[in-house]
Each structure stands twice: as structure tokens, then as C-alpha cells.
Amino acid sequence: MRRSGLLTTLLALLALASLTPSAHGQVAPSAAAPVPLDRVVVRWHAPETGGVRRPQFIFERELAFEARLEALADPDAEPGLYRDRHVRAALDRHIAETLLASLPISPAPTSAEVAQRAEAARIALEQRARGRARLLAAAAAEGMSSDELDALLRRQARASLYLDRMVAPMLEPTDFELKIVLRSGATPFKDQRYEEVAPALKRWYVGQRLAQALDAYYQNARARVSLSIMPAR
């Protein structure tokens, strides 16, 4: 599937209905034709981010990368491909995280706390992608630099800190809570001993709680978000 097809289905998302996937494999342009490195595909704003005077932009490469992450976490996805549902989920998550990351936190986190949460987000992202190699391969496929990946992790860190401090504690579940979750059988660690899977179980459980909180927040915030799909020029 081609990244050039992303615009066609992005235009169909004007009512936030669906998005199209992309993948590499385009025919190389002629030597005389200009080769765009990246472009804006979504422009949006909301009161939390400063309103219409401070529009937010999502670039094609980052949306494609984030859609790849959604596909990697999907047990039913075809290897190497992502679908409409993955692009839609990536867009919703991107906007929700950006909204939350822009909100004030009390007490304000220190730079060390943000860095610690960003590192936790990186490990959780590797687990969600089912391996560091798969995560790096997805980044390489869309030409994501280490700085761009770091920016994504910092955004996730601030969003998670806001949810933990301003909504409900969710970053540090107790051993008792984790053991109950493990015994429920509703985790990827079924029939394994708690002592052997505790760190991975905690990351999985925290990730599930954060995803649910992100979704709940965005469902309430969706009406405040004004979104436009940017056509190719």
C-alpha cells in the first residue's frame, strides 16, 4: 500500500470517519521532479492548545509511523501493513496526547520526572510493538529521526503525568492490584508466575489504563477539536 494513498482517505476523514493506511513501494520520481521530504496532512486546534491562533500540525511521516505502531500492537493485523482503523486510532491518540500534554499539572513535574516517564514510555512502546527491533524498523520505514521519536516520548510522558496527577493515580499500581489482574487471566501473561512477569505486567497494565483514560478524555474533548485535512499541492 502506498503512502500517496493517505491523502485520499484523509479527505474522507473530514467528519472523523476513517483514514487510509500507507506503506512504501512508490515508483521513483524522475530526476527532474521535486521530491518532498514531508508535508502537513492534518491541521487542528482546540481551546487546550491555544485555539485558532495556535494551530497544531500533524505531518505525513509521523502519522504514518504512529499508524504502524497501532498495527504492530494489533494481533489481527497483517505483517508490514496498516489499515484504516490503525490510522484513525493513531490520529485520535496523537490529538489526545497533545491536548493532555498542553494542560498544566500541579505540582508541575520536574525535568527529571519527565525524562523518567519518557524512558518508561519508550520501554512500554517497545513492549507494545512486541520488540525494540520492530519499533526501530517502523521508525526507519518512515524516516523518523531519534529527535522526532524523543519528542513523541516526551509528549506521551507529559500526557501520562497529567492523567496520573490530575485525573486518577495510574502509573504505580500496587503488587496486590497487579496480582489480581494476573489471576484474572485477561493479560498476555496467563499461567505465568507473578515474580517472573511483574515488570512486564506492570508496563502492560499501566499502558492499558492510560489508553482507556486517553480514549475517555478524547471522547469528551472531541467536540472542542476543529480538524482540517490538508490537500497535497
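Just so it is clear, the values below take in all heavy atoms, side chains as well, and ignore hydrogens, waters and symmetry mates.
Cluster membership for Val167 and Val114, using ILVMFWY side-chain heavy atoms within less than 4.5 angstrom, is shared. Linking Ile, Leu, Val, Met, Phe, Trp and Tyr residues whenever their side-chain heavy atoms come within less than 4.5 Å leaves Ile180 and Leu171 in two separate clusters.
With values rounded to the nearest 0.5 angstrom, Leu214 atom CG is found 12.0 Å from Tyr162 atom OH.
A salt bridge does not link Asp150 with Arg122: every distance from a Lys NZ or Arg NE/NH1/NH2 to an Asp or Glu carboxylate oxygen is 4.0 Å or more. Using a 4.0 Å cut-off between charged nitrogen and carboxylate oxygen, Arg158 and Glu113 do not count as a salt-bridge pair. Contact check on Glu142 versus Arg68 returns a salt bridge, with a Lys/Arg side-chain nitrogen under 4.0 Å from an Asp/Glu carboxylate oxygen. A salt bridge is absent between Asp164 and Arg117: the closest approach of a Lys/Arg side-chain nitrogen to an acidic carboxylate oxygen does not fall below 4.0 angstrom. Taking the charged nitrogens against the carboxylate oxygens, Arg88 and Asp92 do have a contact shorter than 4.0 Å, which makes a salt bridge. Ionic pairing of Arg61 and Glu148 is present here: one or more N-O contacts between side-chain nitrogen and carboxylate oxygen are shorter than 4.0 angstrom. Contact check on Arg128 versus Glu66 returns no salt bridge, with no Lys/Arg side-chain nitrogen under 4.0 Å from an Asp/Glu carboxylate oxygen.
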May I have the step-by-step check of side-chain contact (heavy atoms from CB on, under 4.5 Å) for Arg85 and Glu70, ending in yes or no? CA-CA 9 Å; Arg85 66 184 184 275; Glu70 295 293 334; over 6 Å; no
Evaluate the side-chain contact (heavy atoms from CB on, under 4.5 Å) criterion for residues Ile58 and Leu91: first the C-alpha distance (whole Å), next the side-chain angles of each, then the deciding distance (0.1 Å), finally the verdict. CA-CA 9 Å; Ile58 302 177; Leu91 181 61; 3.4 Å; yes
Walk me through it: do Arg134 and Glu126 pass the test salt bridge (charged side-chain N to carboxylate O under 4.0 Å, His left out)? CA-CA 8 Å; Arg134 289 159 65 93; Glu126 291 176 0; over 6 Å; no
Dump the intermediate steps for side-chain contact (heavy atoms from CB on, under 4.5 Å) on Phe176 and Lys179, then the final yes or no. CA-CA 5 Å; Phe176 179 73; Lys179 288 176 180 178; 5.9 Å; no
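At a threshold of 4.5 Å between non-hydrogen side-chain atoms, the residues Leu182 and Lys190 do not count as touching. Within the 4.5 Å cutoff, no side-chain heavy atoms of Tyr194 are placed close to those of Val181. When side chains are defined from C-beta on, Trp44 counts as touching Thr49, because their heavy atoms get closer than 4.5 Å. A heavy-atom distance below 4.5 Å is not found between the side chains of Arg43 and Gln56. For the pair Arg39 and Phe59, the minimum side-chain heavy-atom distance is 4.5 Å or more. Contact check for Val206 versus Met170: no side-chain heavy atoms found under the 4.5 Å cut-off. For the pair Leu161/Leu100, no side-chain contact is recorded, criterion being any heavy-atom separation below 4.5 Å from C-beta on. The shortest distance between side-chain heavy atoms of Glu62 and Leu152 does not fall below 4.5 Å.
More than 12 heavy atoms of other shown residues, nucleotides or ligands fall within 6.0 angstrom of atom CZ in Arg130. Counting non-hydrogen atoms of other residues, nucleotides and ligands closer than 6.0 Å to CD of Glu177 gives a total above 12.
Thr98 contributes a side-chain N or O that, together with a main-chain N or O of His94, makes up a donor-acceptor pair within less than 3.5 Å.
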